[in-house]
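Working notes, beginning with the structure itself.
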2 protein chains.
Amino acid sequence: MQKTVTIEVPRDCGECPIRHRAVCARCESEELTRLEEIKYYRSYEAGQTIVWSGDRMEFVGSVVRGVASLTQTMEDGRTQMVGLLLPSDFVGRPGRESAAYDVVATSDLVMCCFRKKPFEDMMARTPHIAQRLLEMTLDELDAAREWMLVLGRKTAREKIASLLSIIARRDATLNLAGVEGPLEFDLPLTREAMADYLGLTLETVSRQVNALKRDGVIDLIGKRHVIVPDFDRLSEEAGDDSDGGMLS
Amino acid sequence: MQKTVTIEVPRDCGECPIRHRAVCARCESEELTRLEEIKYYRSYEAGQTIVWSGDRMEFVGSVVRGVASLTQTMEDGRTQMVGLLLPSDFVGRPGRESAAYDVVATSDLVMCCFRKKPFEDMMARTPHIAQRLLEMTLDELDAAREWMLVLGRKTAREKIASLLSIIARRDATLNLAGVEGPLEFDLPLTREAMADYLGLTLETVSRQVNALKRDGVIDLIGKRHVIVPDFDRLSEEAGDDSDGGMLS
DNA sequence: CAGCGTCATTGATGCAGATCAAGCGCGTGA
DNA sequence: TCACGCGCTTGATCTGCATCAATGACGCTG
């Protein structure tokens, strides 16, 4: 059912995020080598479902290029995106049999994978990998909870601003640029995907995006390329604590 | 500012949930003993804030009796509860400096605590504790994401039913009773706390709770004691997959 | 370059839940 | 015993977003 292709990538490519985020900091080279041995790459087309909720998930990995999303769907078709996976984000649940939600390629996607069993074995042998994963999972938990505030209490306009702000921030850190001057990025999501993430309809998303443009909070080139002239202004619209300075 | 009292509890009381959930399964008695050494108890009154978002959090622990909640607040006062901590739930973030949200005692509360540093040391020495914590954190992440669906896509009535269903389920497993016949429990939350959890106003909560009562989905004794005559009916109202049987 | 599919915009209308405003029941303390 | 506060209910009204319905803009393919 599922069309996947293993593609060619240099073995020790600097891109592989697992290497950076999960093990690199404290790993002895011996362990790193073992990880390299069980590593492989997969690519997916936009729209493809990578894993269905409830299915056996036989690998863990992380996003190299593109965007994936975690979504939950009710019987009647209402869907809610519960996670947005950008490059360097980790996917999978060591110690779990099956996926708890659908994993969908939102754009064309390349993932760096490890078969689950060998990865778990390695975890058992290498305690600090479990600790690193715990930290990453705590980060995800924080993100999920921040998103609960967005979903539960923010207005449509604030929701849009929050989403743009998050993507802009992620993009800025990826580009290693100091956050100065206007920020630019391509929206990796359709209006519908944005709506699913924000608990809105696509019509409302469209209206509010254009309202933000009208009000000069953002500028749009085409439908997907966003320019943020003043990031603080955007944060303000998102209802975030802007809190420029620290206390005491 | 904070009024806390250390209370008397037998040292190796069977109640301590950390023992059950975090370590008991595979721990050698030696490690268990070390945990006992650094264990202590705290009690709080309903309404007390246990930790403020951003504060240093110098302990981890779990709920023994009562209910605590994790809440986030915007500058203008809008608040969203992002986690509900019932007895046996774990609080705290090993490896983290400060709390990411307010922790509030929603009812009178007893917690079993460990000072953070010794607990972390023990984690470092005892790999499977980190693995157990990872599992628990993944559970929390699943719960948070399920809640995102509730917040983003469910109607007020479905939200109420979802909350009741979760509490009923938790209560049932705590009482170790097979889930048969009518389920009964006390709501450990005010209408306002429910509203904060569900992203609603307290008026809407009140109306919908009474609507569920009118429709015979639940019965109320006083304002807090709930009787669920038919749990499947409640799940249906919550919009959950009821999916009585398994496939294949 | 016509025809189609996908993604996005825009307008008109309706409704679920917020907001505003009383009022009730019950425990508590003077 | 009364008054006060707190948690909750109930009603009237308002509004932000959903819903329904066209239409527009782009890219792809024949």
Side-chain angles (χ1 to χ4, degrees), chain A residues 45-48 67 74 76-80 104-108 150-164 186-215 218-226 237 239, chain B residues 45-48 67 74 76-80 106-108 150-164 186-214 218 220-226 237 239:
Chain A
E45 290 171 14
Q48 257 191 294
V67 183
M74 297 172 63
D76 62 7
R78 280 178 282 177
T79 82
Q80 174 66 49
V104 182
T106 294
S107 67
D108 289 344
V150 172
L151 290 173
R153 293 300 186 193
K154 292 195 177 178
T155 65
R157 172 185 261 246
E158 288 169 335
K159 285 177 173 181
I160 300 287
S162 298
L163 178 58
L164 294 178
D186 279 312
L187 263 183
L189 300 171
T190 64
R191 300 291 126 113
E192 188 179 17
M194 292 172 70
D196 282 344
Y197 199 28
L198 296 166
L200 300 169
T201 59
L202 64 92
E203 292 95 329
T204 299
V205 170
S206 179
R207 279 186 247 269
Q208 296 298 337
V209 167
N210 290 319
L212 287 176
K213 176 179 178 178
R214 250 200 323 284
D215 299 346
I218 60 171
D219 203 1
L220 281 178
I221 300 189
K223 292 154 194 313
R224 295 294 194 86
H225 191 81
V226 180
E237 290 284 352
Chain B
E45 291 171 13
Q48 258 191 292
V67 183
M74 297 172 63
D76 63 7
R78 281 176 281 176
T79 83
Q80 174 66 49
T106 294
S107 67
D108 289 343
V150 173
L151 290 173
R153 293 301 186 192
K154 291 195 178 178
T155 65
R157 172 184 262 246
E158 288 168 336
K159 284 177 173 180
I160 300 287
S162 297
L163 178 58
L164 294 178
D186 279 310
L187 263 183
L189 301 171
T190 64
R191 301 292 125 114
E192 189 178 15
M194 292 172 70
D196 283 345
Y197 199 28
L198 296 167
L200 299 169
T201 59
L202 64 89
E203 293 94 331
T204 300
V205 169
S206 178
R207 279 186 249 269
Q208 296 297 337
V209 166
N210 291 319
L212 287 176
K213 177 180 178 178
R214 249 201 323 284
I218 59 171
L220 281 179
I221 299 190
K223 289 150 193 318
R224 294 293 195 88
H225 192 80
V226 181
E237 290 285 350

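Just so it is clear: chains get the letters A, B, ... in the order the sequence lines come, proteins before strands, and each one is counted from 1.
Closest non-hydrogen pair, A/His225 versus A/Asp186, comes out as ND1-OD1, 2.9 Å. Of all heavy-atom pairs between B/Thr106 and B/Pro188, the closest is CG2-O, 3.7 Å.
Residues of residues 194-204 of chain B that place a heavy atom closer than 4.0 Å to DNA chain C, in numerical order, are B/Gly199, B/Leu200, B/Thr201, B/Glu203, B/Thr204. Of the residues in residues 207-215 of chain A, A/Arg207 come within less than 4.0 Å of DNA chain D through at least one heavy atom, sorted by number.
Between B/Val226 and B/Leu220 there is a side-chain heavy-atom pair separated by less than 4.5 Å. Side-chain contact between B/Thr190 and B/Arg224: present, with at least one pair of heavy atoms (C-beta onward) separated by less than 4.5 Å. The shortest side-chain heavy-atom distance between A/Asp196 and B/Arg153 falls under the 4.5 Å cut-off.
B/Asp108 places no side-chain N or O within donor-acceptor distance of the main-chain N or O of B/Glu45, the cut-off being under 3.5 Å. Between the side chain of B/Glu158 and the backbone N or O of B/Glu237, no donor-acceptor pair lies under 3.5 Å. In this structure, A/Gln80 contributes its side chain and A/Tyr197 its backbone to a donor-acceptor pair below 3.5 Å.
For A/Leu151 and C/dG17, the CG to P distance is 16 Å, given to the nearest whole Å. Between the P atom of D/dT9 and the NZ atom of B/Lys223 lies a distance of 5 Å, rounded to the nearest Å. Taking atom CG of A/Leu187 as the reference point, atom P of C/dT9 lies 10 Å away to the nearest angstrom. Atom NZ of B/Lys154 and atom C1' of C/dA16 are 17 Å apart (whole Å). Here C/dT19 presents its P atom at 11 Å from CG of B/Asp76, a figure rounded to the nearest Å. If you take CD of B/Glu192 and C1' of D/dC6, they are 11 Å apart, rounded to a whole angstrom.
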Output a table of donor-acceptor pairs, distance under 3.5 Å, between side-chain atoms of residues 203-214 of chain A and any protein atom two or more places apart or on a different chain; print 'none' if there are none.
unit_1, atom_1, unit_2, atom_2, d
A/Thr204, OG1, A/Thr201, OG1, 3.1
A/Asn210, ND2, A/Ser206, O, 3.0

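Nearest-nucleotide assignment on DNA chain C puts the 5′-proximal partner with A/Leu220, out of A/Leu220 and A/Arg153.
Heavy atoms of B/Arg224 sit under 4.0 angstrom from primed sugar atoms or phosphate atoms, though from no base atom.
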